[in-house]
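Working notes, beginning with the structure itself.
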Number of protein chains: 2
Amino acid sequence: MDIETASKCLSELGNPHRLEAFRLLIKAGPEGVSVGDIQRHLNIPKSTLSHHISHLVWAGLARQEREGRVLRCTANFELADQLVAYLCAECCSGLDVVPMEEQEGA
Amino acid sequence: MDIETASKCLSELGNPHRLEAFRLLIKAGPEGVSVGDIQRHLNIPKSTLSHHISHLVWAGLARQEREGRVLRCTANFELADQLVAYLCAECCSGLDVVPMEEQEGA
DNA sequence: CCCGTGATTCCAGAATTGTCGAATTATCAG
DNA sequence: CTGATAATTCGACAATTCTGGAATCACGGG
């Protein structure tokens, strides 16, 4: 991952609506979520949401696949992992970044 | 780390100049780097750089400390680590994100 | 074909962000 | 004080991003 790609992804995730939507996609796993489901979670107008999703797709962070009348959105897990790996390598102290339990109590 | 903080940090890092500057600060370690040094690396006008640095400081990702005529900038390693931890927990598949060597060859 | 549902596209205005020269502040040396 | 260097602040403009209503497209059922 180069710095251009990283900053592109980061800037797309740097919007609360998009970050929340992306988080939803990740949590949903490979099954993904429909646009309508995302809309119900974020509670923003459809056109605005569609705009944000297209941003994620443009950055390669998400994919969309039609399934009848429903558009199923899935996260690009590979890219997500690459992005985190990039940040680990280039933009954090390189210490252990895994203590998930510690985070809760912090 | 809450989603608001995360998206704030991500959006600040989502600019190539700022991401590069931040990377520099991280690589420099606790010693930090002067604004002038960053400017020499990024090769952008002083006022533009100053603007970007103040963004990083505002987000809490960097600190500035005067040292005579020089302003020493340092990264906020804690926040950087927390951000990566948040992404690991919330926004990636949760697989191993540590194989630094694999990244090189990819 | 017609209707309802899911979702996008179009459009336009508001808001934010990025850029950088000029002026200014801060500090130190002589 | 004067001059030089480091860096910020100011101000103004260009560019981009965000938002959401209205129109449109896509699909399936009757």
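Below, chains carry the letters A, B, ... as their sequence lines are ordered, and counting in each starts from 1.
- In this structure, the CG atom of B:Leu42 is 11 Å from the P atom of C:dT19, given to the nearest Å.
- Taking atom NE2 of B:His55 as the reference point, atom P of C:dT16 lies 12 Å away to the nearest angstrom.
- The nearest whole Å value for the distance from the CD1 atom in A:Ile38 to the C1' atom in C:dA7 is 11 Å.
- Between A:Gln64 and C:dA7, a side-chain N or O to OP1/OP2 separation shorter than 4.0 Å is absent.
- At whole-Å resolution of the value, CD in A:Glu65 and P in D:dA26 are 18 Å apart.
- Among the nucleotides C:dT19, C:dT8, D:dT8, the one closest to any side-chain atom of B:Leu71 is D:dT8.
- In this structure, CZ of B:Arg18 is placed 12 Å from C1' of C:dT19, rounded to the nearest angstrom.
- Taking CG of A:Leu10 as the start and OH of A:Tyr86 as the end, the distance is 8.5 Å to the nearest 0.5 Å.
- Between A:Gln39 atom CD and D:dG20 atom P there is a gap of 11 Å when expressed in whole angstrom units.
- Listed nucleotides C:dC28, C:dA7, D:dT8 differ in distance to B:Arg69; the shortest reach to its side chain belongs to C:dC28.
- Proximity of B:His52 to the phosphate of C:dT17: no side-chain N or O atom is located under 4.0 Å from OP1 or OP2.
- Side-chain atoms of B:Asn15 lie closest to C:dG18 of the nucleotides C:dA7, C:dG18, C:dA26.
- If you find the closest nucleotide of DNA chain C to A:Leu49 and to B:Thr48, the one lying nearer the 5' end belongs to A:Leu49.
- OP1 or OP2 of C:dT19 lies within a sub-4.0 Å distance of a side-chain N or O belonging to B:His17.
- Among the protein residues, A:Arg72 comes within range of no part of the nucleic acid, since none of its heavy atoms lies under 4.0 Å from any strand.
- Residue B:Ser47 places none of its side-chain N or O atoms closer than 4.0 Å to OP1 or OP2 of C:dG21.
- Nucleotide C:dA26 holds its P atom 16 Å from the NZ atom of B:Lys46, rounded to whole Å.
- Between A:Leu19 and B:Cys91 the shortest side-chain heavy-atom distance falls below 4.5 Å.
- Here A:Ser34 lies in heavy-atom contact (under 4.0 Å) with sugar-phosphate atoms only.
- Checked for salt-bridge contact, A:Arg72 and A:Glu65 miss the test: no charged N lies under 4.0 Å from a carboxylate O.
- With hydrogens and angles disregarded, a donor-acceptor distance shorter than 3.5 Å links the side chain of A:Gln39 to the backbone of A:Ile44.
- When the P atom of D:dG20 is taken as reference, atom CD1 of A:Ile44 falls 8 Å away, rounded to whole Å.
- The side chain of B:Arg66 has C:dA26 as its nearest neighbour among D:dG21, D:dA6, C:dA26.
- Within 4.0 Å (heavy atoms only), A:His51 reaches at least one base atom of the nucleic acid.
- How far OG of A:Ser34 is from CG of A:Leu71: 9.0 Å, rounded to the nearest 0.5 Å.
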